[in-house]
**Student:** 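Handing you a structure now.
We name chains A, B, ... by the order of the sequence lines, and we start the count at 1 in each one.
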Amino acid sequence: MSRYEPGLIEAKWQEAWDKAGVFTATRDAARPKYYVLEMFPYPSGRIHMGHVRNYTMGDVVARYKSSCGYSVLHPMGWDAFGMPAENAAMERGGHPKDWTYGNIADMRGQMKPLGLSIDWSREFATCDPEYYGQQQAMFIDMMERGLVYRKAAVVNWDPVDMTVLANEQVIDGKGWRSGAAVERRELTQWFFKISDMAGDLLDALDGLKDWPEKVRLMQANWIGKSRGLQFSFDTVGAPAGFDRLEVYTTRPDTLMGASFAGISPDHPLAKALEATNPAIAAFVAECRRVGTSEEALQTAEKLGLDTGIRVRHPLDPAWELPVYIANFILMDYGTGAIFGCPAHDQRDFEFATKYHLPITPVFVAEGTDETTLTEAFTPMKSERVRYIRGVNGSTLMTGDEGVAEAIALAEQRGFGQGVTKFRLRDWGVSRQRYWGCPIPVVHCATCGVVPEKKENLPVELPYDVSFDKPGNPLDRHPTWAKTTCPKCGAAARRETDTMDTFVDSSWYYARFTAPRANTPTVAEDADYWMNVDQYIGGIEHAILHLLYSRFFARAMNETGHLPAKAREPFNALFTQGMVTHEIYLTRDGNGRPVYHLPEDVIRSETGATLADGTAVEVIPSAKMSKSKKNVVDPMNIIRDFGADTARWFVMSDSPPERDVEWTSAGAEATAKHLGRVWRLADEISRDETPAGDEDIALARAAARAIQDVTQGIEGFAFNKSVAALYAFTNTLSKSKAGGGAKRDAMRTMAQLMSPMVPHLAEEVWVMLGGEGLVARAPWPKADPALLVEDNVTLPIQINGKRRAEISVPKTMPAAEVEKIALADEDVVRFLAGQPVKKIIVVPGRIINVVV
RNA sequence: GCGGGUGUGGCGGAAUGGUAGACGCGACAGACUCAAACUCUGUUUCCGCAAGGAGUGUCGGUUCGAGUCCGACCACCCGCACCA
């Protein structure tokens, strides 16, 4: 008798699949297509358990759909541009390109042994010139279409390293390497006009029925449609050119409760005042010392400075309000200026309390009187309140009605108008970095900004760059930027900004349909394969990546690169939970964190140390990320127990949408189970027991297993499919059925297991005389007759507490069930003669006796 | 700060408003073995000898019946536009 040896069988079956070309995606008009895609990985160099979980989920779906008769496209590629490659070059020397392609080779080498049903012939990396050249072509098309423009925008500037920092690189307002206080600096940058499509991107969310509700909600909130009033205050004492101050508010009904006006430190008025007033200049400079992220701005202590300027209240010119510069007002939202109503906005309330400004209620709860407020009163707009200082005096109405009334009044009096605004800002794609897709334009002294000619694409990154100093290597390259104007032929300079890596990942799904084409896409292929039927990835991408992809698909449609049906590229979305792990860190001389890999840390009951004994701080359950180094290497499990064990392990237990804390315990137990299945198959293949009474019970168990496993896969509850397979294994190993019946059941087991543990499934399939590859066998169907139960066990509750149970035929009428229940000896004992008030019989479920 | 989510045994988790804890891990007991490992059988929410009682983050509500629905709160996680 032989043993279960994953090392041997896994290589064998992977070769067999390859040879048969089982996973090569082909356009097949005779079959329905199914496109399953997992978010492609960043090539960090090592796969981690999050990858294994993500790609195994996709593989289960791909293999299952293939068995159901679909022509499946299941590709893989690399999100290969980005900062880590440049950081590696700076820290360890070497070149981002070599580092990236080396990592890709390593990761491919780690993924292949997993036995994923991927069509590797379609693989590409976003840093391949063949890919980013097509991206440049689309950028030019989008320029012509008016979807691209330039404007000034602020970046985080490190004054010591003389470089732009990502938000991630700003820690407590300081640069991560230099430790210098970060400044905000304005640069002219490239933008995609995503805000033009804000309304469509919002409305179309309703059609995404197979997306998680929470993702649609998050996107809707992000796009942030609001109806409000835009109006201007007349100013008193403002510099020339600032006679009026334009503000936007979603609560114009609270206008009579206004106690101050506020402007962003980045507002043009603040900039004008800064030039002449040292106190204001100092305050604004202080505000700019916070990073550019919204999080940093909103969590900072709320500070304001009275500018001395006053504005006249639009409904009472005699009433003047002070104008403050306030650090929590965002220049990017609305007009960058607000009026504050402390009585009905908690942030304004705190601000007014701090600066001793009046707090005047505009409305009170229905049926109450005006009192001194200790916090802002902020009911839902749909709630009815009693206005005591409404724009039209005192009435009882909802906030929504109050807002509509205020807008109508403002429009009638001509001091403002109702407008619809979106929170969504245009997508800034400029990055002052080397390792990204060059923006394919040329700056000419006479012609201005000119797109590169398409025949000159790709604009390729130069290889001879250095990373010995910070800043953009493209910008200081001696020759690369020197070119000629595509329009007039004069000497000109290339754009040295590269694109945000989100651009790369906004269309890769479309490129997979024709990965080698010399146009971005090919109509017939895009028509056949699009849309992605099932997209799978992390919840951390719920907003940005998915919103940008939805925008890009629309832009590609409008520039002729995708059919109209692909404007929403992902039919169904599944967001898997993250694999989390403890973070290990020590501190450098300046108190900044230095992260350590799990394999470098010695964990004991009392704490954790490095090999040299240095104490290590442990942060529990955090998202695995390369920058925090809390990644776990699945290769050890694959080496010791095989890919099927790794795959089965990540599919069992935790529901796919939930985060899972990685622990190394349990992998061994998984391997044991697979060994047990193998032995069971081996025994059954030689079982000569004659057919008997038990055969039907086994057939019923198999039918139930088919139903449960199928439902689990269809419903993305792979953990339940795995549980059903465990249960079926237990039943089968204890069954007294005949050898023939057991072999039938075991073959069904092989098929049901095949999406999760495809190698073992092939092996079992062969042992039991299955024909061909189980990967090509049609998915089993449960015989409905075998799923019907004749008898059912009904629990009996007395006053909602379970006290007894009875077994009755499933079809027995309720009245008869009632009689049997009341006659049950346990029921009689518990009732102890008390009169029954009511009896509830839920057919097939439960009986509740109320006394 | 704003937006979104999660919370059930020692652990991972299961449960169309209807028997809470399926299935697995771990633990314990037994069988096999000279012995151990492997394997197999069984027990395993807590308190209690039992009868019984308690129990799904906390507090309250709706219901014949709540892990599930509603309200308030607590804790943790994700996102916040230059991490990918």
**Student:** Could you give the distance separating B/rA81 and B/rG17 at their C1' atoms, to the nearest angstrom?
**Tutor:** 42 Å
**Student:** Between B/rG65 and B/rG18, how far is it from one C1' atom to the other, in whole Å?
**Tutor:** 7 Å
**Student:** Would you mind classifying the nucleic acid contact of A/Val215 as base, sugar-phosphate or nothing, using non-hydrogen atoms under 4.0 angstrom?
**Tutor:** nothing
**Student:** Would one find a side-chain N or O of A/Asn167 under 4.0 angstrom from OP1 or OP2 of B/rA81?
**Tutor:** yes
**Student:** Step by step, work out the ring-ring contact (aromatic ring centres under 6.0 Å, His included) result for A/Trp427 and A/Tyr548.
**Tutor:** CA-CA 8 Å; A/Trp427 175 11; A/Tyr548 291 150; 3.8 Å; yes
**Student:** Would you verify whether the NZ or CZ of A/Arg216 falls within 45 degrees of the ring axis of A/Trp211 while also being under 6.0 Å from that six-membered ring's centre?
**Tutor:** no
**Student:** Does the distance from a Lys or Arg side-chain N to an Asp or Glu carboxylate O, for A/Lys354 and A/Glu301, drop under 4.0 Å?
**Tutor:** yes
**Student:** Select base, sugar-phosphate, or nothing to describe what A/Val170 touches, counting heavy atoms under 4.0 Å on all strands.
**Tutor:** nothing
**Student:** Do A/Tyr535 and A/Tyr509 make the cut of ring centroids closer than 6.0 angstrom?
**Tutor:** no
**Student:** Can you tell me the distance, in whole Å, between the CG atom of A/Asn87 and the C1' atom of B/rA84?
**Tutor:** 12 Å
**Student:** Centroid separation under 6.0 Å, is that true for the rings of A/Trp648 and A/Tyr726?
**Tutor:** yes
**Student:** At 4.0 Å (heavy atoms only), tell me whether A/Thr501 reaches a base, stays on the sugar-phosphate, or touches nothing.
**Tutor:** sugar-phosphate
**Student:** Separation of A/Phe649 atom CZ from B/rG12 atom C1', in whole Å?
**Tutor:** 9 Å
**Student:** Check this one for me: any side-chain N or O of A/Arg3 less than 4.0 Å away from OP1 or OP2 of B/rU39?
**Tutor:** no
**Student:** For A/Arg423 and B/rG4, what is the distance between atoms CZ and C1' respectively, to the nearest whole Å?
**Tutor:** 12 Å
**Student:** Where do N or O atoms of nucleotides 20-23 of chain B meet protein N or O atoms at under 3.5 Å, pair by pair?
**Tutor:**
none

**Student:** Between A/Thr292 and A/Asn167, is there a side-chain donor-acceptor contact under 3.5 Å, judged purely by atom types and distance?
**Tutor:** yes
**Student:** For RNA chain B, determine which residues of residues 425-433 of chain A have any heavy atom closer than 4.0 angstrom to one of its atoms, and list them numerically.
**Tutor:** A/Arg425, A/Gly428, A/Ser430, A/Arg431, A/Gln432, A/Arg433
**Student:** Please answer whether the main-chain N or O of A/Ala80 pairs with a side-chain N or O of A/Trp435 as donor and acceptor at a distance below 3.5 Å.
**Tutor:** yes
**Student:** Rounded to the nearest Å, what distance is computed from the CZ atom of residue A/Arg184 to the P atom of nucleotide B/rC82?
**Tutor:** 14 Å
**Student:** With heavy atoms under 4.0 Å as the rule, sort A/Leu424 into base, sugar-phosphate or nothing.
**Tutor:** base
**Student:** How would you summarise protein contacts on nucleotides 41-54 of chain B per nucleotide, using B for base, S for sugar-phosphate only and - for none, with heavy-atom distances below 4.0 Å?
**Tutor:** SS---------SSS
**Student:** Where the side chain of A/Ala669 is concerned, which of B/rG1, B/rC25, B/rU19 is the nearest nucleotide?
**Tutor:** B/rC25
**Student:** Taking the nucleotide of RNA chain B with the closest heavy atom to each, which residue, A/Phe40 or A/Thr292, is nearer the 5' end?
**Tutor:** A/Thr292
**Student:** Assign A/Phe502 to base, sugar-phosphate, or nothing according to its heavy-atom contacts below 4.0 angstrom with the strands shown.
**Tutor:** base
**Student:** Between A/Gln219 (CD) and B/rC78 (C1'), how many Å, whole number?
**Tutor:** 15 Å
**Student:** Using a 4.0 Å heavy-atom cut-off across all strands, classify A/Val850 as base, sugar-phosphate, or nothing.
**Tutor:** sugar-phosphate
**Student:** Does any N or O in the side chain of A/Ser293 come within less than 3.5 Å of the main-chain N or O of A/Ala296, such that one atom is a donor and the other an acceptor?
**Tutor:** yes
**Student:** For A/Pro41, report the nucleic acid contact type (base, sugar-phosphate, nothing); a contact means any heavy atom under 4.0 Å.
**Tutor:** nothing
**Student:** Find out whether the Lys NZ or Arg CZ of A/Arg3 is both under 6.0 angstrom from the six-membered ring centre of A/Trp678 and within 45° of the ring's axis.
**Tutor:** no
**Student:** Send over the distance from A/Asp708 CG to B/rG24 P, rounded to a whole Å.
**Tutor:** 14 Å
**Student:** Classify A/Ala542 by what it touches in the nucleic acid, base, sugar-phosphate, or nothing, heavy-atom distance under 4.0 Å.
**Tutor:** nothing
**Student:** Would the base of B/rC82 count as contacting A/Gln189 through its side chain, where contact means a donor and an acceptor less than 3.5 Å apart?
**Tutor:** yes
**Student:** Side chains of A/Asn54 and A/Gln576: is there a donor and an acceptor less than 3.5 Å apart?
**Tutor:** yes
**Student:** Contact class for A/His545 vs. all strands (heavy atom < 4.0 Å): base, sugar-phosphate, or nothing?
**Tutor:** nothing
**Student:** Round to a whole Å and report the spacing from CZ of A/Arg845 to P of B/rU16.
**Tutor:** 8 Å
**Student:** Output the rounded distance in Å from CD1 (A/Ile543) to C1' (B/rC82).
**Tutor:** 17 Å
**Student:** Please state whether the base of B/rC80 and the side chain of A/Glu294 form at least one donor-acceptor pair under 3.5 Å?
**Tutor:** no
**Student:** Give a yes or no on whether a salt bridge exists between A/Arg803 and A/Asp824, defined as a side-chain N under 4.0 angstrom from a carboxylate O.
**Tutor:** no
**Student:** Identify which one of A/Gln189, A/Glu186, A/Glu183 satisfies the side chain to side chain contact (heavy atoms under 4.5 Å, CB included) criterion when paired with A/Val155.
**Tutor:** A/Gln189
**Student:** If only atom types and distance count, is the side chain of A/Asp161 paired as donor or acceptor with the main-chain N or O of A/Pro470 below 3.5 Å?
**Tutor:** no
**Student:** Taking atom types as modelled, is there a side-chain donor on A/Ser505 or A/Asp79 under 3.5 Å from an acceptor on the other?
**Tutor:** no
